Amino acid sequence: MVALPSLRGLQAFEAAARTGSFAAAADELSVSAAAVSQLIRTVEEQMGRKLFHRVHRRVVLTEAGVEMLPRLTMAFQEIGSVARDVVGGAFRPRLVISVPPSMAMGWLSERLAGFVVSHGAVDISLRGDDDPVPFDRELIDVRLSYGPHYREHPTEEIVRDAVYPVCTPSLPGAIKSESLAGLPLIHTDWGPTGAAFPSWRNWFDAAGADPGRAAQRGLSANSSRAALDLAMSGLGVALAQGIYCAQALEEGRLVRPVERALDLRQPYCLTIPERSASRDVVAAFREWLIKECRRAVRSPALIA
């Protein structure tokens, strides 16, 4: 039988690698940072492999450390689950959800209570992340993204959306507008590392109109949520995804001054790594999230 390395040492390594700090691991394990360092050194000697490179007061995982981390994290989570079951404690499943920042700041956070009510108690970590996301390092269970970024994990297209010109009904000239002529425009730019968001120039080209320099003027935001908030404040007309603006249109807080929409180039995709796919809470959340997304983009308020 192969001799196993120190369990306490493996625990120290997992905590340090996951948190990125010997000091943070020490706080988590209620020991000193020096003790964490010694425990890890003992494991390295027992395994005959270096797990960290120590460079200028920093520690960086070696290839062996990178390979071990996700498997050890899952193992310690399972040990913790067994311990909770044995002592009879009330078990609350944990769910790590990663979505684009604009979706985390309002749309999904406002709806999560509905999932908790329907599913029951669950510990949820909601992350607003740009692509790419570190699935294994952050133990992400579910990732909703714009476009199919993660072919190395099971990924499915769940819904296709469009952008709609929207503004407040109190914006001067909005109700009687037929061409957006003279209305202030709000622009969305996801930046050089993000996907290309439809521009007002794209919208006017699709409409067969020439707005001249007006297509470049106005306010600009680097997130869909921020652009929508500017429109909600009465500062102009924004191109907003249906998934974000449907509820405000239904409630009359926003209007569509013109009916023409512009399809997004890519679908929204759901990625669930294999280590999470078999969990009941993940399956339940997947089903709930798909329904919420499809309900939003199919809102009657978005039908011309």
Side-chain angles (χ1 to χ4, degrees), residues 99-108 128-132 144-149 157-168 171 173-174 177-250 253-270 293-304:
V99 296
S102 286
M103 182 162 284
M105 296 184 297
W107 188 88
L108 184 55
D129 298 317
D130 292 318
D131 294 302
L144 178 67
S145 58
Y146 174 62
H149 294 279
E157 297 182 6
I158 62 170
V159 72
R160 286 188 174 267
D161 202 356
V163 292
Y164 304 81
V166 296
C167 62
T168 59
L171 185 71
S177 175
E178 295 181 357
S179 64
L180 300 182
L183 295 181
L185 303 180
I186 298 170
H187 306 269
T188 304
D189 183 356
W190 284 346
T193 61
F197 189 83
S199 67
W200 274 112
R201 173 63 67 183
N202 298 144
W203 187 89
F204 282 112
D205 286 346
D210 182 9
R213 296 182 63 184
Q216 282 76 44
R217 294 173 178 163
L219 293 166
S220 180
N222 67 353
S223 77
S224 302
R225 179 69 190 193
L228 186 59
D229 285 344
L230 291 173
M232 295 281 286
S233 298
L235 294 176
V237 186
L239 285 174
Q241 293 105 304
I243 199 169
Y244 294 149
C245 68
Q247 184 172 347
L249 288 169
E250 292 169 1
R253 292 180 289 132
L254 290 174
V255 296
R256 294 170 58 190
V258 294
E259 292 185 348
R260 177 176 292 276
L262 188 61
D263 290 338
L264 289 174
R265 297 183 179 92
Q266 300 188 71
Y268 284 102
C269 296
L270 203 60
C293 290
R294 291 177 178 172
R295 181 182 294 116
V297 301
R298 295 169 183 172
S299 166
L302 300 176
I303 299 174

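All values derive from a computational prediction rather than experimental measurement.
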Heavy-atom side-chain contact between [X] and [Y] under 4.5 Å:
| X | Y | value |
| --- | --- | --- |
| Leu228 | Val166 | yes |
| Pro257 | Val237 | yes |
| Cys167 | Val255 | yes |

Short side-chain to backbone donor-acceptor contact, Arg260 and Phe204, under 3.5 Å: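 Side chain of Arg260 to backbone of Phe204, a donor-acceptor pair under 3.5 Å: no, none is there.
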[atom1]/[X] to [atom2]/[Y] distance, rounded to the nearest 0.5 angstrom?
| X | Y | atom1 | atom2 | value |
| --- | --- | --- | --- | --- |
| Arg225 | Trp107 | CZ | CH2 | 12.0 Å |
| Ser199 | Asp205 | OG | CG | 7.5 Å |
| Arg160 | Leu264 | CZ | CG | 9.0 Å |
| Leu302 | Asp161 | CG | CG | 7.5 Å |
| Gln266 | His149 | CD | NE2 | 6.0 Å |
| Ile303 | Glu259 | CD1 | CD | 11.5 Å |

Can you list the residues that meet the ring-ring contact (aromatic ring centres under 6.0 Å, His included) rule with Tyr268, with sequence neighbours excluded?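 Here the qualifying residues are Tyr146.
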Salt bridge (Lys or Arg N to Asp or Glu O under 4.0 Å) partners for Arg253, two or more places apart: Glu251
